[in-house]
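The residues of the chain are indexed from 1 along the displayed sequence. One-based numbering, in listed order, for ligands and for the atoms of each. Quick caveat, the model's predicted, so the values are computed rather than measured.
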Amino acid sequence: MGYLFKSKASFEAETSRQAMEACEHIISEMGAELHDDLIQRLSVFRLYLDRLESSKNDQTETGSLILSMNADFQEVVQSVRRISRRLLPVKMEQDSFQKGIVMLCQNMERPGGGTIHFEPTGPEQKISSLAENYLFRIIQELIHNALKHSSAWHIWVRLTWVENELTVEVEDDGTGFSKIQEFITALNKKYNTLRMRSNVIGASIHYMQGKRGLLANVNYKFQRT
Ligand SMILES: Nc1ncnc2c1ncn2[C@@H]1O[C@H](COP(=O)(O)OP(=O)(O)OP(=O)(O)O)[C@@H](O)[C@H]1O
Ligand SMILES: [Mg+2]
């Protein structure tokens, strides 16, 4: 009995530690987004103000500065929008899980970065909201990894629905054959947020060699609700 209690307590401690780690992970991603994107874009406005100040008697110069500021301000708004979309609950209430993934693919594309292709197969089925949230985060992290660790031109996000089963594939074309095997071995062993979330909803995650990069495969079997 004492032994059982002890293992339950340590199980809970481990679960809490992992939950905290997952939170930290998301917070640091937000921090990185603020740091790499938004702050850089905003700092430019400091320069604009200085230049406006020094060219206030030159109408042509002022006019062209305002044009540039307008364009850059649009970018700032886009950046804030991207960050708030990541913080907000996954999708609009009325949207389906799959619609949320379509939007995720659109939101994660960056000018000059890879193209994200969304490829659904089969009729979408209803899954639990926990599974929706976790699969959304898993797909988000897989896309993020492809953008961050490979120099992908293309990322394919495939959702394949067959009865009571959803298969998610995220494939990129960014890593050469010679390096891919070592990443696959490491990823198949690693207990990261991807595996943690998969375990919670009873899904399995495997990595393999794609056509020209990494292919992650998440298999989720569910009960019809
Ligand atoms: N799409 C990919 N192409 C090539 N290598 C990858 C890809 N995804 C992951 N990797 C490799 O697997 C490693 C582990 O990925 P994982 O997401 O667990 O951690 P990370 O991305 O390095 O860190 P974090 O996710 O905590 O920011 C990466 O460091 C990278 O070397
Ligand atoms: Mg990662």
Side-chain angles (χ1 to χ4, degrees), residues 14-40 79 82-87 90 100-119 131-160 166-220:
E14 177 60 12
T15 315
S16 321
R17 191 188 60 76
Q18 283 166 7
M20 290 311 294
E21 245 172 46
C23 291
E24 287 297 325
H25 182 88
I26 291 165
I27 292 168
S28 10
E29 273 184 18
M30 286 311 130
E33 191 83 16
L34 287 170
H35 173 271
D36 298 346
D37 195 45
L38 188 57
I39 292 177
Q40 287 185 25
S79 179
R82 272 200 299 273
I83 293 167
S84 68
R85 277 202 190 114
R86 295 200 65 189
L87 286 168
V90 169
I101 302 300
V102 172
M103 288 180 347
L104 176 70
C105 293
Q106 288 167 5
N107 295 340
M108 288 188 81
E109 271 192 10
R110 297 291 143 80
T115 310
I116 305 174
H117 308 273
F118 178 72
E119 302 179 339
E132 285 190 348
N133 285 338
Y134 276 29
L135 287 167
F136 183 96
R137 290 295 182 210
I138 288 170
I139 295 169
Q140 186 177 34
E141 169 63 6
L142 287 171
I143 296 174
H144 183 78
N145 273 350
L147 294 169
K148 182 168 138 194
H149 299 298
S150 84
S151 32
W153 288 98
H154 298 277
I155 297 168
W156 292 270
V157 177
R158 306 188 191 98
L159 295 189
T160 307
L166 167 63
T167 304
V168 175
E169 285 184 333
V170 177
E171 179 174 355
D172 65 67
D173 63 354
T175 309
F177 187 81
S178 55
K179 293 229 94 187
I180 201 84
Q181 204 52 51
E182 83 189 55
F183 293 142
I184 291 173
T185 317
L187 278 164
N188 276 327
K189 280 196 209 132
K190 193 172 175 189
Y191 194 75
N192 52 16
T193 57
L194 291 162
R195 204 166 292 283
M196 192 194 305
R197 290 188 204 277
S198 302
N199 285 349
V200 172
I201 59 172
S204 63
I205 180 162
H206 297 290
Y207 301 87
M208 56 203 99
Q209 159 97 56
K211 284 205 186 71
R212 276 186 293 271
L214 185 72
L215 169 58
N217 177 298
V218 182
N219 185 265
Y220 175 58

Are there any protein N/O/S atoms under 2.8 Å from the Mg ion (ligand 2), and if so, which? E141 OE2, N145 OD1
Closest protein heavy atom to atom 27 (O) of ligand 1, given as residue, atom name and distance to 0.1 Å: K148 NZ, 2.7 Å
Indicate yes or no: does R137 engage E141 in a salt bridge with an N to O separation below 4.0 Å. no
What do you reckon, does K190 have a nitrogen or oxygen under 3.5 Å from a nitrogen or oxygen of ligand 1? yes
Any heavy atom of T193 under 4.0 Å from ligand 1? The part involved is neither
Has Q140 got a side-chain atom pairing as donor or acceptor with L104's backbone, closer than 3.5 angstrom? no
Step by step, work out the side chain to side chain contact (heavy atoms under 4.5 Å, CB included) result for Y207 and L194. CA-CA 11 Å; Y207 301 87; L194 291 162; 3.2 Å; yes
With heavy atoms under 4.0 Å as the rule, classify the contact between H144 and ligand 1 as side chain, backbone, both or neither. neither
Using the rule side chain to side chain contact (heavy atoms under 4.5 Å, CB included), only one of L135, I205, T193 pairs with S198; which is it? I205
Above 12 or not: heavy atoms from other molecules or residues under 6.0 Å from CZ of R212? no
At a 4.0 Å cut-off, with the gap strictly under it, does some heavy atom of E141 reach an atom of ligand 1? yes
Which option, L194, T175, L187, N192, owns the non-hydrogen atom nearest atom 12 (O) of ligand 1? L187
Considering residues at least two apart in sequence or located in another chain, which fulfil the side chain to side chain contact (heavy atoms under 4.5 Å, CB included) criterion with A152? S150, I155, D172, D173
